[in-house]
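Each remark here refers to the structure printed beneath this line.
Order of listing sets the numbers, starting from 1, for every ligand and every atom in it.
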Amino acid sequence: MSVALISRDALRTRFSSLMSDMYRREVPAYGTLLDIVDSVNTQAGAAPVESSAAGRLQLERHGAIRLGTADELNMMRRMFAQLGMEPVGYYDLTVAGIPVHSTAFRPVSPDALAANPFRVFTSLLRLDLIPSQTLRETARELLAARSIFTAAAMDLCERAEAQGGLDAEDAERFVTELTQTFQWHADAPVTARVYEALLTSHRLIADIVSFKGPHINHLTPRTLDIEIVQARMPQAGIEPKAVIEGPPARQCPILLRQTSFKAIVEPVRFADGVEGEHLARFGEIEQRGVALTPKGRALYDRLLDTVREVITPAPDGSNAVQYRAHLDEVFSAFPDDWTAMREQGLAYFSFALSEAGKAAAAARHDPDLTLDTLIERGWVTASPIIYEDFLPVSAAGIFTSNLGDGDSAAQITRSNQVEFETALGAKVADPFALYAAMEAESRNTCLNAFKTEIPAE
Ligand code: OOG
Ligand code: NI
């Protein structure tokens, strides 16, 4: 007799909700932000970008963690695989002076994304980039001495791998145990002196190396209107950053717009008994739009570079109005119309038969109909495919141009990715390929409806 196994989608939803409860307890401002986002999302009359958005919107958020070693990353991949989350994309943040490289663990199939798109941006520290050899060794020893997963989480992960899943009781234990990996530990295993040295080397290195585990550093709900949430944050006592990152506000949203509030101060007790504090954990909100094709993405990158050659947002917000105006002006070159974006091959769309289309397909078979004709006749609808990934630091372009040698830049990037994938124990999926496959499948389904004979029963 076989046991009933809990679906990976259900496990992911339960895990994401446990993480959200924990972060709300640990960082109360996150709870306040969730309340604002909830009320804005319910009020927002605007139709969500994708038709199935309403159902998944409440559940939707992403988190971010930073790991210290290859073994931690490897085990994390196995854990997340049980939640239906696969590594997608490679982000090299060293180009922006941040000593990590990263991937996003997320569901990939349309069904899994519709069930719950919860994703975790996961970074791996690049120890080799710590300049001081003594500090590097200290960091290596600290990381080697910790184990970030509970024994029960590891046992249950192995059981899930062997059985192809977990029964209800094991599933609940597994997600509960796994959540513990991401909790905040106020008691740090380093002395205050070592912490200070790590902090001086790089704030992020101290955050990764000085603690017992990879505390979740933010959780980000998705909103239908980031402008309203940004405006309401100060009224609720939360101070947002000066400008919203990413593209400007548009009729037809593209990619990702994000804004955050400042890291909170958390008390720490160091190994030598010294009391101190740590700043790392914050809150963020995001608004997601359509996924861009390589052509659309190139246009986006070029326009953003153009903006930033003239003006970069000052952290104190002093030029926020001018930045915004310039961003709006430059981005007027990016078509703000779904049909234009589709016809110019700038974004990905998912196609479906309309009611009229279904009737037409049942009545006649015409293998010569093109998708464009079907759309013109109203037989097929095109809905934007949501961008499920992240935006790598735009400084990447500056890095490449500063090197002045395309080949060597490409080589550095490639070898980093190989190193990352070796640590991960798997290859990362190419996000463009995933969106293109979703689009192609929906296109073929529509076209095939007009090609195939109705099977005789
Ligand atoms: C991750 C930053 C990336 C986002 O939304 O772009 C990220 C980190 O700070 O560890 O979460
Ligand atoms: Ni984030």
Original post:
Where's the contact between Glu286 and ligand 1, heavy-atom distance under 4.0 Å: side chain, backbone, both or neither?
Top reply: neither
**OP:** Look at Arg12 together with Glu86 and state whether they make a salt bridge at an N to O cut-off of under 4.0 Å.
**Re:** no
Original post:
Parallel under 30°, tilted from 30 to 60°, perpendicular over 60°: which one fits the rings of His62 and His218?
Top reply: perpendicular
Original post:
For atom 11 (O) of ligand 1, which protein heavy atom lies nearest, and how many Å away is it?
Top reply: His218 NE2, 2.9 Å
Original post:
Which angle, to 10 degrees, forms at the Ni ion (ligand 2) with NE2 of His218 on one side and OE1 of Glu284 on the other?
Top reply: 90°
Original post:
Is any NZ, NE, NH1 or NH2 atom of the basic residue among Arg193 and Glu196 found under 4.0 Å from an Asp or Glu carboxylate oxygen of the other?
Top reply: no
Subject >> Ligand-side contact atoms (ligand 1) for residue partner Phe121, heavy atom cut-off under 4.0 Å >> reply: 1 (C), 3 (C)
Original post:
Is a salt bridge present between Arg78 and Glu161, judged by a nitrogen-to-oxygen distance below 4.0 Å?
Top reply: yes
Original post:
Hey, is ligand 1 close enough to Ser123 that some N/O pair sits below 3.5 Å?
Top reply: no
Subject >> Aromatic ring pairing Tyr195/Phe270, orientation class (parallel under 30°, perpendicular over 60°, tilted between) >> reply: tilted
Original post:
Once the angle between the rings of Phe80 and Phe105 is folded into 0 to 90°, is it parallel (under 30°), tilted (30 to 60°) or perpendicular (over 60°)?
Top reply: tilted
Subject >> Region of Ile65 that comes within reach of ligand 1 [heavy atoms, distance under 4.0 Å] >> reply: neither
Original post:
Quick one: are Phe174 and Cys157 in side-chain contact, heavy atoms under 4.5 Å?
Top reply: yes
Subject >> Atom indices of ligand 1 within 4.0 angstrom of Glu284 heavy atoms, with elements >> reply: 4 (C), 5 (O)
Subject >> Identity and distance of the protein heavy atom lying nearest atom 10 (O) of ligand 1 >> reply: Arg66 NE, 2.8 Å
Subject >> Closest approach of any protein heavy atom to atom 5 (O) of ligand 1, naming residue and atom >> reply: Gln258 NE2, 2.8 Å
**OP:** For Phe390, counting its heavy atoms only, list the atoms of ligand 1 lying under 4.0 Å from any of them.
**Re:** 4 (C), 5 (O), 6 (O)
